[in-house]
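Remember, it's 1-based here, ligands and their atoms both numbered in the order they're listed.
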Amino acid sequence: MSLYTQLQQARSEEDVKDAYIKALGLKGFTKGLIDIQTNELWFEAKDTSKYSSYAMFTQLLHYVQAALNRGETVPPFLAVIDTEKAALMKSADVLPFLTKKTVKWGKSASQYTQEALDEISAHIGTHFVSFRIATHEDEFISTVKAAIKSGDIIRTQITPDNLKQVFDKWVAMIGREIDGVSEDDYALLFFADIMHDGTVSTHSNLPAELLHKNGAPVFSLGGKMYELRSKEGYRQFWAIYHKPPKSEYRDYLLERRDSLIPLDERSFKGAYYTPLAVVDKAYDKLTETLGNNWQKDYIVWDMCCGVGNLEVKHSNPRNIYMSTLDEADVDVMKATKTCVAAQRFQYDYLNDDITDDGQIDYRLTNKVPEGLRRAIAEGKKILVLINPPYAEAMNADNVSIAGG
Ligand SMILES: C[S@@+](CC[C@H](N)C(=O)[O-])C[C@H]1O[C@@H](n2cnc3c(N)ncnc32)[C@H](O)[C@@H]1O
């Protein structure tokens, strides 16, 4: 069960703590006044999302101040967690400030004064990285794990395999905040944004450009300037991801721009089609299991692709074969320009091409594209990525074998 699902079922602060302990695989922890304590991290936890990260950090820093005053060791990282969000910061960013002992704390950590909250908020300002667990659960977990291992907060790299997922999150957090720009131009602005190290662009000839005006990001496209309505999403997004991408990936990523169409939950979702949040999760698990390059290394065949939701987050559609029972679904994919570079075709994978003695002979219908037949014959690495028709099948055994 995902961390987010568990948090939604949490009934108490203990449940929240336990959910995070499990998801982060924390070892050697204690629970007490400081909600969770390990050698590397202290956590402040809440069983509601009504407190801001600033308020939670103010409480946690009260304990840090007390520990400092007693001459005790403070761990390298501090985190605040609740049922919707989590945030992480390096203790080093706040220790010099606390040693000055200027904050007027309240009677106890939870009874913090407005003055303490204001002072702490002003100081920690942009030092912490925050994550919305519903959309960035995996990024949070991997950032904390990497922090424990490396002693630093390392941002997530943008790679060929997470490009599409990162783009969708960029659209939600940044794209939709850009004033007056057409959705069709999001991909161009996205590339201008990611291919930039904060000072210079990695490429001089991109159609759009990232500039800065009074310290705030501004996009230039087709002779027009576009500003952000709010910079908060921008700040949060770039606290999670690293830019620019590694040099070895840059050109490859730019070539994938044709496959980036902003994705909202599609109108034809329903129980029947695979929800995009599930697709997102499945891709994270595939990367975890098959490694960072699975979208390059594996040929994907979804023989129950419906309208193709399971493939829309794939960054390399040229490696995909998509077939499904209803020709109408293939037409929908064509009309919505879903995975244009993939091979999309009508095929009944349970009945087509089966010989009288139960063998498979692709020459019977000739529907399966030559490239896929060759890949199968040559024993290439093929990933059967499938959300099978579990509910409508006459024989569930058949389906689970095909799905497995
Ligand atoms: C659970 S849905 C998968 C939906 C798909 N991932 C999507 O998001 O659109 C199962 C799909 O398998 C298709 N299907 C059912 N029986 C099939 C068969 N024998 N051969 C190919 N496709 C089949 C259905 O039409 C349906 O589109």
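Interface of Y347 with ligand 1, defined as ligand atoms under 4.0 Å from a residue heavy atom, comprises 20 (N), 21 (C). Atoms of ligand 1 found under 4.0 Å from any heavy atom of N387 (numbered from 1 in listed order, with element): 1 (C), 2 (S), 3 (C), 10 (C). Applying the 4.0 Å criterion to heavy atoms of D348 picks out, from ligand 1, the atoms 18 (C), 19 (N), 20 (N). Using a 4.0 Å cut-off to heavy atoms of G306, the atoms of ligand 1 that qualify are 9 (O), 27 (O). Proximity to M303 (heavy-atom distance under 4.0 Å) selects the following atoms of ligand 1: 21 (C), 22 (N).
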Would you mind writing out the side-chain donor-acceptor pairs for residues 207-227 within the sub-3.5 Å range, not counting sequence neighbours?
from: K213; atom 1: NZ; to: E227; atom 2: OE2; distance (Å): 2.7

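Considering every non-hydrogen atom in both K46 and Y51, the closest pair reads CD-CD1, 3.4 Å.
Looking at T274, L385, I386 and measuring to atom 4 (C) of ligand 1, the nearest heavy atom belongs to T274.
The environment of NZ in K296 is sparse: at most 12 heavy-atom neighbours from other residues, nucleotides or ligands sit within 6.0 Å.
Note on ligand 1: P388 sits in its first shell, one or more heavy atoms being nearer than 4.0 Å.
The ring of W294 has its center closer than 6.0 angstrom to the ring center of Y283.
Proximity of C305 to ligand 1, defined as any heavy-atom pair under 4.0 Å, is confined to the backbone N, CA, C and O atoms.
For the side-chain hydrogen bond (donor to acceptor under 3.5 Å, both in side chains) test, residues two or more places apart in sequence or in another chain that qualify with E72 are R70.
K367 has no carboxylate O lying under 4.0 Å from a charged side-chain N of D353, or vice versa, which leaves the two without a salt bridge.
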